[in-house]
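Here the structure is laid out as structure tokens; the discussion comes afterwards.
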Amino acid sequence: IESALGDGPLKGRRVLVTSGPTHEPIDPVRYIANRSSGAQGSALGHALAALGADVTFVTGPAEVPPPAGVDVVRVETAREMLAATEAALPVDAAIFAAAVADWHVAGSEQKIKKTGTTPVLEFSENPDILARVAQRDRDRPRLVVGFAAETENVLAHAEAKRTRKGCDWIVANDVSPATGIMGGTENAVTLITETGAEEWPRAGKADVARRLAERIADALGPA
Ligand code: CTP
Ligand code: CA
């Protein structure tokens, strides 16, 4: 039985979660995005709130609705997600479950029409929200957790990301098509911390979320 909202080991703790994809407009009717249902992020927001945390849930346009009992901030683009994330600080812990688009394009005010010549899009890199927060001098959350969805060399890529971005933990998972994880209800992750890698058994996204929320509560200790 879940503890009532507002009670539990994360009572008094402020936690930020980013979730879902971002949409980067090409013109008023088209966009660039990563695949992300938002299911793992929503499950995580729910699990953290169930342990009593004060959750700010910054979400792009996801298929899965945000959980109840959290403060929802809806954004569309990566640049908006960065602004909303920074506005939510300070927090005790920040978990970056969003599948942020890596690039945006200049974007056309008007719908781009077929003219006989194919349009060429020029990409600019989006800010790395996780890295920005993890590398802050002021108001760096005590625990910064990233996700790394990879299709090959999962653990090596994930550990390299942890170091490069400066986060404390990385939740690594293999999203290659054969796993069926993308868009599914289950997840199989390896939690990489300062002290090593722990492979968790494949489980429902709600179970993975609960386990991660409990680890976060343990790491923060009593408020
Ligand atoms: N992330 C972020 N802002 C970005 C890109 C990624 O906050 N602009 C976060 C994601 O939410 C995730 C982690 O960084 O927690 C890793 O995202 P990922 O896309 O795997 O990392 P990238 O650095 O973008 O590397 P890649 O080239 O593999 O996409
Ligand atoms: Ca990326």
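The first residue of the sequence shown is numbered 1, and numbering continues consecutively from there. Because the structure is a prediction, the values reported are computed rather than measured. Just so you know, ligand 1 is whichever comes first in the structure, and atom 1 is the first atom listed for that ligand.
- The protein heavy-atom contact nearest to atom 6 (C) of ligand 1 is Lys165 NZ, 3.8 Å.
- A salt bridge links Arg140 to Asp168: one of the charged nitrogens lies within less than 4.0 Å of a carboxylate oxygen.
- We find that Arg215 and Asp218 are not joined by a salt bridge, their nearest charged nitrogen and carboxylate oxygen being 4.0 Å or further apart.
- Residue contacts with ligand 1 leave out Met81, since none of its heavy atoms falls under 4.0 Å from the ligand.
- Looking only at distances, a side-chain donor or acceptor of Ser42 sits under 3.5 Å from a matching main-chain atom of Pro65.
- Considering both main-chain and side-chain atoms, Thr18 never comes within under 3.5 Å of ligand 1 through any nitrogen or oxygen pair.
- Here atom 28 (O) of ligand 1 lies nearest to Lys161 when heavy atoms of Arg132, Arg79, His157, Lys161 are compared.
- Although no hydrogens or angles enter the test, the distance criterion places no donor-acceptor pair under 3.5 Å between the side chain of Ser176 and the main chain of Ala178.
- The protein atom (non-hydrogen) at minimum distance from atom 7 (O) of ligand 1 is Leu130 N, 2.9 Å.
- Using a cut-off of 4.0 Å between Lys/Arg side-chain N and Asp/Glu carboxylate O, Arg162 and Glu159 are scored as salt-bridged.
- Between Tyr31 and His23, the ring planes are parallel. Angles under 30° get that label, and only those over 60° would be called perpendicular.
- When all heavy atoms of Ala78 and Glu24 are compared, the pair lying nearest together is N-OE2, 2.9 Å.
- An N or O contact shorter than 3.5 Å is missing between Ala101 and ligand 1 by distance.
- Annotation: Phe96 places an N or O atom under 3.5 Å from an N or O atom of ligand 1; distance criterion only.
- When atom types are taken as modelled, the side chain of Ser19 and the backbone of Ala97 share no donor-acceptor pair closer than 3.5 angstrom.
- Using a 4.5 Å heavy-atom threshold, the side chains of Thr185 and Lys205 count as separate.
- Of the protein's non-hydrogen atoms, Phe147 O, 2.9 Å is the one closest to atom 16 (C) of ligand 1.
- For atom 27 (O) of ligand 1, the closest non-hydrogen atom on the protein side is Asp102 OD2, 4.5 Å.
- A donor-acceptor pair under 3.5 Å links the side-chain atoms of Arg13 to the main chain of Pro222, judged by distance alone.
- The distance criterion of under 3.5 Å between nitrogen or oxygen atoms is met by Ala98 with respect to ligand 1.
- Among protein heavy atoms, the minimum distance from atom 3 (N) of ligand 1 is reached at Ile129 N, 3.0 Å.
- Interface of Gly146 with ligand 1, defined as ligand atoms under 4.0 Å from a residue heavy atom, comprises 15 (O).
- Under a 4.0 Å criterion applied to the non-hydrogen atoms of Arg164, ligand 1 contributes the atoms 23 (O).
- In terms of protein heavy atoms, atom 8 (N) of ligand 1 is closest to Pro127 O, 2.8 Å.
- Polar contact check, Asn126 against ligand 1: no nitrogen or oxygen pair lies under 3.5 Å apart.
- For ligand 1, none of its N or O atoms has an N or O atom of Val100 under 3.5 Å away.
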